[in-house]
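Mind looking over this structure? Questions follow.
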Amino acid sequence: MTVLVLVDAPTKADDRRQKLFSSPEAKLLLKALEREDVPYKVASLYPSPIQTKKLGKKDQAKFHDYLPHIAKKHKCQTVILVGAMPFQALTGKGGVTKANARPIEKDGLVYIPCVSPYAATHDPKVGWQLKVVAMRAREVNEFGGIPFEQDLNSIMVKDKKTIEQLLWALVGELSFDIETSCLYPWQTHDDKGNEAPAQIKMIGFGTLKEQFHILTPNHPDCPFTEKEYFDLLEDIDRAITRNQVRLVTHNGKFDFLWIMAHYGFPWYEHQHYDTMLAHYLLDENSRHGLKELAQTLCGAPDWDVDKDTKKGATPDLEKFVRYHAHDLYYTIALKNKLVKMMNAEPRVKAVYDHILLPCSSLFTEAEYDGVYIDVSKFDEAENYLRNELKQCEDRLKQWGSIEWGSPKQLAKLLFEDLGIDPPVMTEKGNPSTSESALNQIDHPCVGDLIKYRGAKQQLSFFIEGWKPFLHRRKINGEWHYFLHPSFKLHGTVTGRLSCEHPNLQQVPRDKRIRSLITAPPGWTLIECDLSQIELRIAAALAEERNMIEAFVRKIDVHWLTAIREIERGGGLKELVIDTAKTWKQLKKIEYSEAIEVLLEMGPDAAAEINAEWKEYRKKAKAINFGYLYGMWWKKFKLYARDNYGVEVTDEQAGASRTAFFELYPDYPEWHKRQKRLARRDGYIETLSGRKRRLPDAMSSFDSPARGAAERQAINSPVQSLANEINLMAALQLRNEYGRDKVRLSATVHDAILACVKNEYVGEVTLRLLKIMERPELMDVLDINLLVPIEAEGKVGPWGAGVSLKKWKESLRVQG
DNA sequence: TGATAGTGCGCG
DNA sequence: AAAGCGCGCACTATCA
């Protein structure tokens with residue numbers, strides 16, 4: 001049957017119909033269809049050019065009704081909607097790029113949205129998108145509708161017989177999947193402020209042979225009363241527990257979290273396999289969606305449907321169930337495939353078995369518990385920031401009345417109206433108004449500007465930004481507030497976790513904001529972090545003798561770098577000698593001797609004598625990380641200028657880099673080794689066995705892309721392992737203490753935040769520090785480091801906690 | 001008008 | 001030819 005290619009309504013100014021037939025780009029879709037052997041006809045959405053590029057509401061409605069008529073006239077059942085306008089006519093919405101090649105069924109016709117081929121002039125990706133459209137058109141045309149899996153055996157659980165059938169089937173290995181009204185289990189309103197409660201619409205279990213669907217009372221077609229439904233859930237829960245059912249999921253943390261939040265069943269304890277996490281370890285560079293993976297790895301059809309159907313919000317129940325059945329079926333099919341793939345990589349499998357899969361359950365629990373927000377301080381902080389913002393605005397008024405948050409308006413005011421020379425340009429050549437640029441401007445407004453921005457950003461990030469996620473819960477008759485950030489275990493290419501809604505890992509160190517996060521009544525928040533873990537790991541991997549020695553001798557390496565850097569230039573004579581003299585209570589001391597004294601006393605003692613030392617250590621920290629991971633001296637120059645207002649000459653900057661590698665002479669060899677391995681294999685391995693695939697490193701010629709891959713080959717094994725040690729410790733903490741004593745709140749790359757029942761704070765903190773210094777899983781994964789690992793603990797609200805010792809003292813004082 | 005890309009900044 | 005790595009979020013500019 002012929003497929004109809006329906007082109008944009010042409011405009012008077014820009015006759016796309018003309019272009020579709022004339023320009024080579026516009027012919028791309030037609031060529032793709034020819035290559036797929038799809039017979040087609042071309043038609044225009046509207047016979048004569050219209051006045052505007054945008055469709056008004058009236059036009060939209062007209063075209064919408066017109067669509068089936070065109071199809072009928074041309075005797076076509078499949079219609080390719082080319083460009084934004086026909087898509088908008090059908091759906092009433094924009095977003096054709098996202099909908100590209102995803103068929104939509106309506107009035108017995110199948111519409112295939114397609115991006116405008118004309119876009120190929122400036123976007124090479126479009127060529128591929130058009131090809132996918134052509135392939136989809138062929139499939140739809142051959143199938144006579146949207147293709148779906150033929151092998152499915154959907155069973156709707158609705159009566160005594162089907163309930164029996166389901167309960168009998170709950171043995172062995174089953175896929176598990178739910179459909180929900182939204183993504184956040186504690187949502188009450190949507191982003192437009194309309195009431196939109198979080199609801200589970202359907203839950204399901206499946207195998208390759210049969211797929212069971214249970215509509216919840218939130219769905220209009222649910223065959224059960226509330227009571228019947230919850231009785232059924234109890235029966236299912238008993239069967240899962242009694243039969244030790246092994247649940248297979250795709251991103252099961254999502255489903256299990258909802259089940260926990262809405263029903264309270266800890267089904268996450270039965271998680272047996274997760275296809276998303278498995279695929280993440282097998283290919284961290286690509287995407288991990290179930291549909292995409294099933295299509296590429298199992299040859300599945302594209303069974304995606306529109307959002308409303310997915311949410312169970314359309315009357316087309318059959319479509320909803322079929323969608324769910326595909327999810328259940330292909331979760332198992334995909335698992336079978338991934339198991340085979342992973343068996344070929346036993347070390348990767350060990351990371352999956354021992355870290356990633358257990359973390360899925362661990363973080364389901366952590367997200368369920370959430371982090372506790374001190375709401376009284378929340379209001380206090382909000383008032384403070386609003387006041388601060390107003391004061392800055394009042395003071396800024398004298399320089400002009402503009403939107404101070406707009407970089408464009410600000411740039412105009414500063415560099416045109418006030419005639420200041422722009423010190424920094426953005427990449428596009430506009431005068432920059434970034435903080436480092438402002439710092440270089442000598443004008444009385446900069447202080448207020450920076451303050452204004454800071455307050456405004458904190459307000460919108462942490463006050464306004466958090467509000468939609470605040471979850472209110474009554475405990476002992478009083479309201480308490482929690483955030484439930486979502487941790488993506490597959491969020492980064494290195495194995496770190498990412499965090500969103502909101503992102504807890506970017507909360508500023510500012511006490512006012514950070515200490516909003518604490519523990520609920522009866523519990524205390526603790527934070528334990530791995531001190532200087534990345535440097536320790538880098539030193540161990542590179543077998544860097546000087547850095548290892550520093551760690552063994554418990555010298556702060558940032559401090560070591562700082563002092564050696566100062567010594568090299570023979571600078572800061574007065575400060576060095578003064579500080580050493582005060583510390584040793586001497587009348588006189590030589591410079592070289594004073595340097596050794598400083599090394600010995602450490603940064604904290606030095607800072608007590610002169611606060612300037614803090615800055616020098618901070619600077620050295622940036623140097624350590626920068627040079628370690630391949631920073632070039634030019635960047636160091638910029639860094640010194642922007643952060644310390646120090647103009648360093650090229651020679652000085654170059655010398656600083658040379659000095660770093662003289663201080664730590666074993667790093668260059670390690671850099672070379674990592675590059676060599678990445679180039680030879682196309683990937684590098686972390687000590688745990690995790691792989692970081694870097695195809696760009698295999699390039700035979702030197703290019704920026706290869707350079708980037710090589711630097712990742714140096715950084716990844718370090719960053720990966722640091723995070724893995726942290727996760728291993730978090731897992732062990734969970735294994736050693738029950739939920740009645742300890743609850744994980746969050747991890748922040750090299751730190752663990754947990755709530756501890758008050759009576760156990762001392763014991764648990766000490767134990768956690770011990771665990772972090774040597775998690776048992778390191779032995780299981782056969783990881784040995786040449787450097788000692790050290791951990792540090794703080795007790796109390798986040799960012800405002802005190803050492804365990806001080807905390808115990810304060811308890812004694814209080815009695 | 002609304003989705004996408006770029007910038008800037010918070011964190012490790 | 002260009003040279004720290006890894007994120008998420010708010011805001012603006014840009015394009016169709």
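Chain naming here is simple, since letters A, B, ... match the order of the sequence lines and numbering starts at 1 in each.
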Trp466(A) CH2 to dG8(C) P, straight-line distance once rounded to whole Å |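 Checked: the CH2 to P distance equals 17 Å.
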
Open item on the list: Looking only at the side chain of Pro704(A) (C-beta and beyond, no hydrogens), which of the listed nucleotides dC5(C), dA1(C), dG10(B) gets closest?
Closed with: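 Nearest to the side-chain atoms of Pro704(A), counting from C-beta on, is dA1(C).
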
- Task: Whole angstrom is fine here: how far is it from NZ in Lys456(A) over to P in dC9(B)?
- Result: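 After rounding, the gap between these two atoms is 15 Å.
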
If pairing requires Watson-Crick or G-U wobble contacts with both distances under 3.5 Å, which nucleotide is the partner of dT1(B)?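 Matched dT1(B) with dA16(C) under the 3.5 Å cut-off.
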
If we check salt bridge (charged side-chain N to carboxylate O under 4.0 Å, His left out) with Asp556(A), which of these qualifies: Lys621(A), Arg536(A), Arg617(A)?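 Going through Lys621(A), Arg536(A), Arg617(A) one by one, the salt bridge (charged side-chain N to carboxylate O under 4.0 Å, His left out) with Asp556(A) is satisfied by Arg617(A) alone.
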
Length of the line joining Arg453(A):CZ and dG10(B):P, which is rounded to integer Å: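 Distance check: Arg453(A) CZ to dG10(B) P gives 10 Å.
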
Between the side-chain atoms of Gln506(A) and the base atoms of dG8(C), is any donor-acceptor pair under 3.5 Å?
->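 Per atom types, the contact qualifies.
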
* Quick one: which of dG10(B), dG12(B), dC7(C) gets closest to the side chain of Gln457(A)? ->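 Of dG10(B), dG12(B), dC7(C), dG10(B) is nearest to the side chain of Gln457(A).
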
Exercise for the section: Send over the distance from Met631(A) CE to dA2(C) P, rounded to a whole Å. Expected result: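 The answer, rounded to whole Å, is 19 Å.
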
Whole-Å C1' distance, dA1(C) and dC9(B):
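So the two C1' atoms sit 28 Å from each other.
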
| said: Is it true that Asn726(A) and Arg496(A) share a donor-acceptor pair across their side chains at a distance under 3.5 Å? | reply: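 Arg496(A) vs Asn726(A): no donor-acceptor pair found between side chains.
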
>> Looking at Arg496(A) and dG12(B), is any side-chain donor or acceptor paired with a base atom of the opposite kind under 3.5 Å?
In response: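 Donor-acceptor pair under 3.5 Å: yes.
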
Report task. Using heavy atoms to find the nearest nucleotide of DNA chain C for Ser703(A) and Ser716(A) separately, return the residue whose nucleotide is more 5′. Result ->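 By nearest-heavy-atom nucleotide position, the 5'-most residue is Ser703(A).
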
Considering every strand and a 4.0 Å limit on heavy-atom distances, what is the contact class for Val718(A): base, sugar-phosphate, or nothing?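 No contact.
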
query: Please give, in whole Å, the distance from dG10(B) P to Arg509(A) CZ?
result: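 These atoms are roughly 11 Å apart.
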
Notebook entry, point to check: Base, sugar-phosphate alone, or nothing: which one does Arg514(A) contact when heavy atoms must sit under 4.0 Å apart?
Noted result: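 If one applies the 4.0 Å heavy-atom cut-off, Arg514(A) turns out to touch the sugar-phosphate alone, with no base involved.
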
Requested in this report: Give Gln719(A) one of three labels, base, sugar-phosphate or nothing, depending on what nucleic acid heavy atoms sit under 4.0 Å from its own.
Outcome: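 The answer is base, as Gln719(A) lies within the cut-off (heavy atoms under 4.0 Å) of a base atom.
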
| So is Arg657(A) actually on top of Trp633(A)'s ring, under 6.0 Å and inside 45° of the axis? |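 So Arg657(A) doesn't make the cation-pi contact.
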
**No-H, no-angle donor-acceptor pair, Gln505(A) side chain to dC7(C) base, under 3.5 Å** =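 By the distance-only test, no, there is no pair.
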
(request) Could you work out which one of dC9(C), dC11(C), dC7(C) sits closest to the side chain of Ser460(A)? (result)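 Per side-chain heavy atoms of Ser460(A), the pick is dC11(C).
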
- Task: Please answer whether the main-chain N or O of Arg693(A) pairs with a side-chain N or O of Glu284(A) as donor and acceptor at a distance below 3.5 Å.
- Result: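 Side chain of Glu284(A) to backbone of Arg693(A): a pair is present.
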
>> Side chain of Arg692(A), heavy atoms from C-beta onward: which of dA3(C), dG10(B), dG6(C) has the nearest atom to it?
In response: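 Selected nucleotide (nearest to the side chain): dG6(C).
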
* Please determine, for the side chain of Pro508(A), which listed nucleotide (dC7(C), dC11(B), dG4(C)) has the closest atom? =>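 Nearest nucleotide to the side chain: dC11(B).
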
ask   = In terms of side-chain geometry, is the basic nitrogen of Glu367(A) or Lys253(A) positioned less than 4.0 Å from the acidic oxygen of its partner?
value =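 Yes, this pair counts.
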
Inset, instruction - Using whole Å, report how far NZ of Lys488(A) lies from C1' of dC7(C). - result: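 Lys488(A) atom NZ is separated from dC7(C) atom C1' by 10 Å.
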
Self-check item: Arg512(A) charged N/C atom sitting above Tyr384(A) aromatic ring, 6.0 Å / 45°
Solution: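 Yes, cation above the ring, under 6.0 Å and within 45°.
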
message = Which nucleotide wins on minimum distance to the side chain of Arg711(A), given the candidates dC9(C), dC7(C), dA3(C)?
response =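 Ranking dC9(C), dC7(C), dA3(C) by closest atom to the Arg711(A) side chain puts dA3(C) first.
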
Go through dG4(C), dG12(B), dC7(C) for me and flag the one nearest to the Lys635(A) side chain.
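Of dG4(C), dG12(B), dC7(C), dG4(C) is nearest to the side chain of Lys635(A).
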
